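These notes are about the structure you will find just below.
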Amino acid sequence: MQSINVNLALMRRKLESSVQDARQSFAQSVEQVRTTPLSAYQADFAAGLAVVGILVPEAVAYAGIAHMPPLAGLIALFFGLLAYMVIGT
């Protein structure tokens, strides 16, 4: 029983440290975005439009192949991109 309590305490400390690191990283990212001039994001905006231009028809087509309404493909696309934004960057 003692070893379980020790393990739980260690896990709690690691989790708290991870959360604190994530908050600090997020704060640094927000500060960098705030201080970067908008002109630096022109290429990112163009790339985003290109990705949307390709993925929207693809999502609608895959929904059609699966005999689903096109909106289902668009919803899946939105949540897929949202998950990539959170996990992939």
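Numbers here are sequence positions counted from 1. If you're wondering where the values come from, they're calculated on a predicted model, not measured in any experiment.
Residue A63 comes nearest to P70 through the heavy atom pair CB-CA, 4.2 Å, listed as atom of the first residue, atom of the second, then distance. What you find for L77 and A59 is that their closest heavy atoms are CB-CB, 3.9 Å.
Taken together through direct or relayed side-chain contacts under 4.5 Å among Ile, Leu, Val, Met, Phe, Trp and Tyr, V56 and I75 form parts of separate hydrophobic clusters. Hydrophobic clustering of Ile, Leu, Val, Met, Phe, Trp and Tyr side chains at less than 4.5 Å, counting indirect connections, keeps L71 apart from M68. Hydrophobic clustering keeps L81 apart from Y62 (ILVMFWY residues linked when any side-chain heavy atoms are closer than 4.5 Å, directly or through intermediates). Put simply, V51 and L74 are part of the same group of oily side chains (I, L, V, M, F, W, Y) that touch within less than 4.5 Å, one to the next.
Counting non-hydrogen atoms of other residues, nucleotides and ligands closer than 6.0 Å to CG of L49 gives a total above 12.
T36 contributes a side-chain N or O that, together with a main-chain N or O of Q32, makes up a donor-acceptor pair within less than 3.5 Å.
Looking at R34 and E31, a side-chain N of the basic residue comes within less than 4.0 Å of a carboxylate O on the acidic one, giving a salt bridge.
Note that OG of S18 and CE of M11 are 11.0 Å apart. Values are rounded to the nearest 0.5 Å. Rounding to the nearest 0.5 angstrom, the gap separating the CG atom in L82 from the CE atom in M85 is 5.0 Å.
Side-chain contact between E16 and R12 is present, with at least one heavy-atom pair separated by less than 4.5 Å.
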